[in-house]
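Inspection log for the structure reproduced underneath, given as structure tokens.
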Amino acid sequence: MMLEMRRTNWRAHALPLHDHLFREPFYVTHAGWERVVPHQSYPHSGQPYYYDMSWAEGRILGEFCLSFITKGQGEVETERGRQPVRANQAWLYLPGEWHRHRPTSTVGWSNQWIKFNGSLPHQWMRDRAFRLNGNLVQLADTRLFERQFRHLVESIDAADGRNSLQFSWQAIGLLSHFLMDQSAADQPKVAQSGDAVVDSVRAYIWSQSHNQISVPDVARHTRLNRRTLERCFKSVTGTTLLNEIQQCRISRAALLLRETDVPIKYVIGRAGFSSYQQIRLAFQKHFAVSPEEYRANARSAAK
């Protein structure tokens, strides 16, 4: 398949969407690759009419389009502006966004793409979860991204016009390279002190909120004497290890109460409290209400 991709100037597949796929939250609609040599006319002819594009007019799609250049260079343009693109860069067009692109005439390019749709990517779009610079995708590992992209396009080509949920799963893995985890971003931020020991302790505490950790547990984790660790932590932060653990528990419990409908019993365990009495006393001290009242007040404020 890789040999065929090198020898073929271009190939594309408009994938069928059976009812069970169309009802999925994510599905792939089109995929292909192209190799444009210097001074070759662009774009290729032979695409379905709803994918036709000319540089003079551009086009608007009703789906997402993700492209990746492996060789050469060119430019992409939307109403947000024009951007140069080069090898090992990717770009994303959103549904309803006017756009156009082309390789540099004197250089050409090798390009591969997928188009996709569904309620899930639309939710990501509304949440602004895509890490983009204009339309350019921000990638941390271009080699892995390229391998996964190539594997997906080759898998679609080998299927000879058949669609599959496996393509959807592969495509979601591809998009994970530049999706922001909004749920993680909503978590309380762990302050950085600049002290390596203190920052390590805080990272441990805030990653173990689902466990009923204690001050001795933290000391064992750091392999430091408990009294030495407590003096160091308080001198840097102004608070005690026990208070830090309690603040973590309360923050996580409050987030679960505000953002979910899970039972209080789940909140108790997931936030590291040992009993309902313990969480009730903590909420009375910090918020002057019970956990149930805190949730009710949060919902009323949201409305």
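Residue numbers count from 1 along this sequence. No experiment lies behind these values; they were computed from the predicted model shown.
Qualifying salt bridge (charged side-chain N to carboxylate O under 4.0 Å, His left out) partners for R226, counting only residues two or more places apart in sequence or in other chains: E230.
Q246 and N243 share no side-chain donor-acceptor pair at under 3.5 Å. A donor and an acceptor atom, one from each side chain of S214 and D217, are located under 3.5 Å apart. Using a 3.5 Å distance cut-off with no hydrogens or angles, the side chains of E34 and W109 do pair a donor with an acceptor. A donor-acceptor contact closer than 3.5 angstrom links the side chains of Q148 and H177. A side-chain donor-acceptor contact under 3.5 Å links H30 and W113. In this model, no donor atom of one side chain and acceptor atom of the other lie less than 3.5 Å apart for N135 and E77.
Evaluation of the salt bridge (charged side-chain N to carboxylate O under 4.0 Å, His left out) test over residues 54-66, restricted to residues two or more places apart or in two chains, returns none.
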Applying side-chain hydrogen bond (donor to acceptor under 3.5 Å, both in side chains) to E244 and T240, what does each step give before you reach the verdict? CA-CA 6 Å; E244 186 77 17; T240 66; over 6 Å; no
Assess whether side-chain hydrogen bond (donor to acceptor under 3.5 Å, both in side chains) is satisfied between N163 and H18, documenting all intermediate values. CA-CA 8 Å; N163 207 340; H18 301 295; over 6 Å; no
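Shortest non-hydrogen contact noted between F68 and N111 is O-OD1, 3.0 Å.
Within the cation-pi definition used here (under 6.0 Å to the ring centroid, within 45° of the axis), K115 does not qualify as a partner of Y93.
The ring of F64 has its center closer than 6.0 angstrom to the ring center of H122.
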